[in-house]
Amino acid sequence: MKVLGFASLVSLSCLSVASATILPDGRRNANAKPLPTVPIVSVVDSAPVVSRNGTQLPPYNFTYYFDQLIDHNNPSLGTFKQRFWHTYEFYESGPIVLMTPGEANAEPYSGYLTNKTITGTTAQKNNGSVIILEHRFYGLSNPKPDLSGKSLSLHTLQQAIDDLEYFAFNVELPQPDGDKLTPNEAPWILAGGSYSGALTSWTMVNKPGLFAAGYASSAVVEAILDFWGYFTPIHEHMPQNCSADVAAVIAHIDSVFTSNDTSAISKIKNLFGLGAMTHLDDVAGVRNNLWDWQSLQPTSGPGARFFEFCDALEVKSGVSAPAEGWGLDHALNAWGYFWSTSYLEDLCAGSTTVDCLGTYDADSTFYTDTSIDNAGRSWYWIVCNEVGYLQDGPPEDVSAIVTRLVQPDSDIRQCELMFSDVFSASNPPKMAQGVAHTNEAYLGWNVSIDHLFFANGHSDPWREATVSANGVDVQSTPAQPVAIGDGFHCSDLSIASGTVDSTVKAVQDKWFSIVPGFLAEWTPGKYKASRKREEPAATPIKRDASSKKAANLFFREPVVIA
């Protein structure tokens, strides 16, 4: 395989531009909803990577490039460079484990090549190799030089699914016999978490037989336009006194904000340090305290930001509130003090509250910056066109821990501002139709596919879009197992000695016990690829392992598991 030189690497890397203001947590607006991002698993071991036969291998962060089709519906448009990471540390004629972290720059995810993760351990236990593939339109894997709406017309779920098939049949893996390991010559396992977990399910539905097995963690398989259920697991599992007081405060704020009492409205805004905000639905940025739940894992201690928030409301003079909380008066003032004296500054890092939380300025760089490596913008396009997942207030008959002032119309308005080159008030995104098409095409909760393993967590805020959602009767079967533990979002992807919750470990152990049987049922040569070319398609690019790129990596900073 041809190795590009340093100059070629520089020309590719210079495509990345980070011109917009980026908040400390990686977002460009604090009212932007968190992505369903896979947690990062850190690699701290600097020891050489060595194969089982003693060969020293490239480090985990050694980067390769694959010539991926720009448009699978029109191959004549040519290819773009799609990044991937790979190791055959454990390989002895076993499966090829393929994972994409999904909606993120994939460079920090090389830890998923190691046995600190479900992917690396799956390879280790089954004598396989591992690949981390960067998703199109994230990081530096871009078919187009910008993220305008017109460019993102090539950013679809089906194109991403077709990428996986084309990669699997055309990549020349940098390992022994790497040109003879297509899914017809070796069993491939597709793995993912959250959105990429859903992509695992959707791919196996769309291309049955391509992968010998699939592992889908916290997989948000059901596209949902009005996804107020995001807050349901939070409400169920947060401390009861905290949920009681938060619900009381939210009910009061919504009552005041829908009244004509301008004095009372100003009093609440000022209490939270948001007096400059002119749009009351932007004051809904206090949802950030609930969104912090997504950063929790079973190993999170009392110092986690979410628990700091609850302690601020529920601990008074060293005494914790009873189950019913302290009541509205204390909770409202305590929340306002916590938000205005510490949390707001940490959230916005010196930006004005309007720049940080405002969603109405069409000239804001949040909407106008189309430079690449902006995961939030790329994800917004999928949200606006195919999946929804709008985390807004619940119906009136459901207890609310976030304001009902924010409803889907607000999110659709932001889609129009974000992609003004293709949408407008008179031509809004057809979100409802897109969501319905996604569920019809890829089956959502109705998925039934052999050798697909679902791993979920009771405390995952995205649970209500998974097959373990309340009221969704997806049965676990030997062919399509469903396992659920007491984890949070994608908790089962990490395997760290002595730190994995016992119920999460049980989920992992169930997968490890089942996958050999799935692999034994794989038959070579049965899958007919829709498109395959003969010439080599993978181009390894050697880069300095110590090099770092200062750019926006995430829309909302993912959890980092040490």
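Atoms considered below: every heavy atom in the structure, side chains included; atoms not considered: hydrogens, waters and symmetry mates.
Annotation: cation-pi pair Lys81/Tyr65 absent, no NZ/CZ under 6.0 Å from the ring centroid and within 45° of its normal.
Counting heavy-atom neighbours within 6.0 Å of Gln433 CD, excluding the residue itself, gives a total above 12. Shown here is Lys144, whose NZ atom has no more than 12 heavy atoms of other residues, nucleotides or ligands within 6.0 Å. Within a 6.0 Å radius of NE2 in His458, more than 12 heavy atoms belonging to other residues, nucleotides or ligands are found. Enclosure of atom CD in Gln407 by more than 12 non-hydrogen atoms of other residues, nucleotides or ligands within 6.0 angstrom is indicated.
Heavy atoms only, all atoms of each residue included: Glu134 and Gly139 are closest at OE2-CA, 3.4 Å. Across every non-hydrogen atom of Ala160 and His135, the tightest pair is CB-NE2, 3.4 Å. The two residues Gln294 and Tyr230 come nearest to each other via the heavy atoms OE1-OH, 2.7 Å. Closest approach of Ala216 and Gly197 over heavy atoms only: CB-O, 3.5 Å. The two residues Ser218 and Thr466 have their closest heavy-atom pair at C-CG2, 4.0 Å. Closest of all the heavy-atom pairs between Ala191 and Thr119 is CB-CG2, 3.8 Å.
With rounding to the nearest 0.5 angstrom, the NZ atom of Lys528 is 14.0 Å from the CG atom of Leu210. Atom-to-atom distance recorded for Tyr88:OH and Leu57:CG is 4.5 Å, nearest 0.5 angstrom. Atoms CD1 and CZ, on Ile22 and Arg28 in that order, are 4.5 Å from each other to the nearest 0.5 Å. Taken to the nearest 0.5 Å, the CD atom of Gln124 stands 9.0 Å off from the CZ atom of Phe512. Within the model, atoms CG of Leu23 and CG of Asn288 stand 9.5 Å from one another, a figure rounded to the nearest 0.5 Å. In this structure, the separation between CZ on Arg305 and CG on Asp25 is 11.5 Å, given to the nearest 0.5 Å.
In summary, Asp163 and Arg136 engage in a salt bridge, as defined by a charged side-chain N under 4.0 Å from a carboxylate O. Ion pair Glu165/Lys207 flagged as a salt bridge, since at least one NZ, NE, NH1 or NH2 atom sits closer than 4.0 Å to an Asp/Glu carboxylate oxygen. Salt bridge present: Arg463 and Glu236 bring a charged side-chain N and a carboxylate O closer than 4.0 Å. Salt bridge present: Glu107 and Arg83 bring a charged side-chain N and a carboxylate O closer than 4.0 Å. Using a 4.0 Å cut-off between a side-chain N of Lys or Arg and a carboxylate O of Asp or Glu, Lys505 and Asp509 qualify as a salt bridge.
Counting only heavy atoms from C-beta outward, the side chains of Leu452 and Ser201 approach each other to under 4.5 Å. Between Tyr215 and Phe454 the shortest side-chain heavy-atom distance does not fall below 4.5 Å. Val38 has its side chain out of reach of Tyr195: every pair of non-hydrogen atoms, C-beta onward, lies at least 4.5 Å apart. Put simply, the side chain of Leu98 reaches to within 4.5 Å of the side chain of Phe211, judged on heavy atoms. Side-chain contact between Val97 and Ser129 is absent, with no heavy atoms from C-beta onward closer than 4.5 Å. Using a 4.5 Å heavy-atom cutoff, the side chains of Glu103 and Pro36 are in contact. Looking at heavy atoms from C-beta onward, Tyr112 lies out of side-chain contact with Tyr60 at the 4.5 angstrom threshold. With contacts defined as side-chain heavy-atom distances shorter than 4.5 Å, the pair Gln391/Asp411 does not qualify.
Between the side chain of Ser300 and the main chain of Gln297, a donor-acceptor pair closer than 3.5 Å is present. Counting only distance, with no hydrogens or angles, the side chain of Ser410 and the backbone of Val406 share no donor-acceptor pair below 3.5 Å. Put simply, the side chain of Asp177 never gets that close to the backbone of Lys180: no donor and acceptor are under 3.5 Å apart. Remark: side-chain polar atoms of Gln159 are not paired, donor with acceptor, to backbone N or O of Thr156 under 3.5 angstrom. Between the side chain of Thr438 and the backbone N or O of Glu386, at least one donor-acceptor pair lies under 3.5 Å. For the pair Arg52 (side chain) and Phe90 (backbone), a donor-acceptor distance under 3.5 Å is present. With Ser141 contributing its side chain and Phe137 its backbone, the two residues share no donor-acceptor pair below 3.5 Å. Looking at His86, its side chain never comes within 3.5 Å of a backbone N or O of Ile131 through a donor-acceptor pair. Using a distance-only test at 3.5 Å, with no hydrogens or angles considered, a donor-acceptor pair links the side chain of Asp71 to the main chain of Asn73. Looking at Thr203, its side chain never comes within 3.5 Å of a backbone N or O of Thr200 through a donor-acceptor pair.
Note on ring orientation: taking the six-membered ring where Trp is involved, the planes of Trp188 and Phe167 are perpendicular (angle over 60°, cut-offs 30° and 60°). Using bins of under 30°, 30° to 60° and over 60° for the plane-to-plane angle, the ring pair Trp381/Phe419 lands in the perpendicular bin.
If you check the side chains of Ser110 and Asn61, you find no donor sitting under 3.5 Å from an acceptor. Between the side chains of Thr182 and Glu185, at least one donor-acceptor pair of N or O atoms lies under 3.5 Å. Between the side chains of Gln480 and Asp450, no donor N or O sits under 3.5 Å from an acceptor N or O.
Checked against a 6.0 Å centroid threshold, the rings of Phe169 and Tyr527 count as neighbours. Ring-centre distance between Phe66 and Phe84: not below the 6.0 Å cut-off. Remark: aromatic rings of His155 and Tyr138 are close, center separation under 6.0 Å. A distance of 6.0 Å or more separates the ring centres of Phe62 and Trp85.
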With side chain to side chain donor-acceptor pair (under 3.5 Å) as the test, would you mind laying out the steps for Gln82 and Tyr64 before giving the verdict? CA-CA 8 Å; Gln82 186 173 31; Tyr64 300 89; over 6 Å; no
Start with the C-alpha distance between Leu390 and Met431, add both sets of side-chain angles, then the distance that settles side-chain contact (heavy atoms from CB on, under 4.5 Å), and finish with yes or no. CA-CA 11 Å; Leu390 309 181; Met431 192 180 294; 3.6 Å; yes
Derivation and outcome, side-chain contact (heavy atoms from CB on, under 4.5 Å), residues Phe80 and Asp67: CA-CA 6 Å; Phe80 70 96; Asp67 292 325; over 6 Å; no
Could you go through Trp293 and Phe488, starting from their C-alpha distance and side-chain angles, then the distance that decides it, and tell me whether this counts as ring pair (Phe, Tyr, Trp, His ring centres under 6.0 Å)? CA-CA 9 Å; Trp293 182 270; Phe488 291 79; 5.3 Å; yes
After noting the C-alpha distance and the side-chain angles of Phe309 and Asp292, does the key distance pass the side-chain contact (heavy atoms from CB on, under 4.5 Å) rule? CA-CA 9 Å; Phe309 160 65; Asp292 283 338; 6.0 Å; no
Which is it for Thr503 and Asp501 under the side chain to side chain donor-acceptor pair (under 3.5 Å) test, yes or no, and what are the steps along the way? CA-CA 6 Å; Thr503 66; Asp501 173 87; 2.3 Å; yes
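Just one of Ile382, Leu225, Ile224, Val220 meets the side-chain contact (heavy atoms from CB on, under 4.5 Å) condition when paired with Val387; it is Ile382.
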